[in-house]
Amino acid sequence: MRDAVVIIPTYNEIENIEAIIRAVFSQKKAFDILVVDDNSPDGTSEKVKSLQKEFDNQLHILNRPKKTGLGTAYIEGFRWCLSKSYDYIFEMDADFSHNPNDLIYLYNACSKEGADMSIGSRYINNRVNVVNWDMKRLLMSYFASKYVKLITRMKIDDTTAGFVCYHRRVLETINLEKIKFVGYAFQIEMKFNAHLKKFKIIEVPIIFTDRKKGKSKMSGGIISEAIFGVINMKLKSLFRS
Ligand SMILES: Nc1nc2c(ncn2[C@@H]2O[C@H](COP(=O)(O)OP(=O)(O)O[C@H]3O[C@H](CO)[C@@H](O)[C@H](O)[C@@H]3O)[C@@H](O)[C@H]2O)c(=O)[nH]1
C-alpha cells in the first residue's frame, strides 16, 4: 500500500471520472485513489468498478445509497482511509478544477516542509488564480473566503478550498463526529478545526480551472449554510474556550 490516498467525491461525473483516475495514476509519485460515489444515476460508480480490474488494489470505491452532501461523503472517506495505514489523505474534485500535477506540491508541503495540512490555494497574497469562472461565481467565492477569514481569524486566504492534503494525525485529532456542515461549508469547518487545534497549515498556490465537462453541484442552500453557519461556528468556539 502507498503512503498517500486521494479521495475523489463524485455525483454524476461520468464525463470526468475515467480521465481523472488515469491522470492521478500517471503521476510520478504513486497515490492510491478512493472514489466516494453517491449512487450517481449516470453510471459513475460502474465505470470505477470496471477500472478496478486494471488498477488492482490501488483504486477503491465507497458506494453510498444516496446524495447527502459533499461533507458527509468526505467524512465517510476519511474514516475509510484512517482504517488503513495511509499517512497522507487528499481531497480533490473529480472535474479537473484541481490539476492532478499539483498533488505533488501539496504532498511535499506536508512530507518535506513540515505542514500538518496543506491547501491548494487560489487566492494567496490577494491574487486570484481562477480560470473560466463567470464574474458572479468568482466574486462570490473570493468574498466568501475574505468573509470567513475575517470572522474566524484564520490566517488562510482560500478558506473554502477543496484541494487539501491532511497528515493523518489531523484527521485522527479532529472529532469527525462533530463536523456539522454537510455542504461545501464543510471545507471551512475542517480548516477551522485544524486551526483551533493549532496544526501547521501551509497554502500552496494553484490555478483553479472551472470544469469543462459535467455540471457544478453548487446551490443556494450551500451558500446560506456557509454565510450563517460560519458565524454560528465561531460563536460556539468562543463559548467553548
Ligand atoms: N459524493 C458526493 N460528491 C459530491 C457531492 N456534491 C458535489 N460532489 C463532488 O464534489 C466535487 C466538487 O463539486 P462541484 O460541484 O464541481 O464543485 P464546484 O462548484 O466546482 O466547487 C468548488 O469550489 C468550492 C468552493 O470554493 C469548493 O468548496 C469545492 O470543493 C470545489 O473545489 C465533484 O467531484 C462533485 O462530483 C455530493 O453530495 N456527494
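Atoms within a ligand are numbered from 1 in the order they appear, just like the ligands themselves.
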Problem set entry | I8-ligand 1 polar pair, N/O distance under 3.5 Å | no
Exercise. Is A73 close to ligand 1, meaning an N/O of one under 3.5 Å from an N/O of the other?
Worked result: no
Problem set entry | Any N/O pair K215/ligand 1 closer than 3.5 Å | no
Exercise. Judging by distance only, is a nitrogen or oxygen of K217 under 3.5 angstrom from one on ligand 1?
Worked result: yes
For this session: Give yes if a backbone or side-chain nitrogen or oxygen of F208 is under 3.5 Å from a nitrogen or oxygen of ligand 1, and no if not.
Result: no
For this session: Before signing off on this row, confirm whether Y11 and ligand 1 have an N or O atom pair separated by under 3.5 Å.
Result: yes
Exercise. Going by distance only, is there an N or O of D38 that falls short of 3.5 Å from an N or O of ligand 1?
Worked result: yes
For this session: Could you check atom 30 (O) of ligand 1 against the protein and tell me its nearest heavy-atom contact, residue, atom and distance included?
Result: G162 CA, 3.4 Å
Problem set entry | N or O pair under 3.5 Å between R64 and ligand 1 | no
Problem set entry | Donor on one side chain, acceptor on other, D32 and Y86, under 3.5 Å | yes
Problem set entry | Partner of T160 by side chain to side chain donor-acceptor pair (under 3.5 Å), out of K191, R122, Q187 | R122
Seminar exercise, completed: For H98, the ligand 1 atoms with a heavy-atom partner under 4.0 Å come out as 32 (O)
Exercise. What atoms of ligand 1 come closer than 4.0 angstrom to any heavy atom of R211?
Worked result: 14 (P), 16 (O)
For this session: Quick one: look up the protein heavy atom nearest atom 33 (C) of ligand 1 and list residue, atom name and how far away it is.
Result: E13 OE2, 3.4 Å
Exercise. Would you say the side-chain atoms of S111 pair up with the backbone N or O of Y107, donor to acceptor, closer than 3.5 Å?
Worked result: yes
Exercise. Is the shortest N/O to N/O distance between V36 and ligand 1 below 3.5 Å?
Worked result: yes
Exercise. Which of the numbered atoms in ligand 1 are below 4.0 angstrom from a heavy atom of Q187?
Worked result: 28 (O), 30 (O)
For this session: Determine yes or no for a side-chain-to-main-chain donor-acceptor pair under 3.5 angstrom, with T152 supplying the side chain and V148 the backbone.
Result: yes
For this session: Compute the shortest N/O to N/O distance between T68 and ligand 1 and return yes if it is under 3.5 Å, no if not.
Result: no
Exercise. Any side-chain donor-acceptor pair under 3.5 Å between S45 and K49?
Worked result: yes
For this session: Identify the protein heavy atom lying closest to atom 19 (O) of ligand 1, giving its residue, its atom name and the separation to 0.1 Å.
Result: S216 OG, 2.6 Å
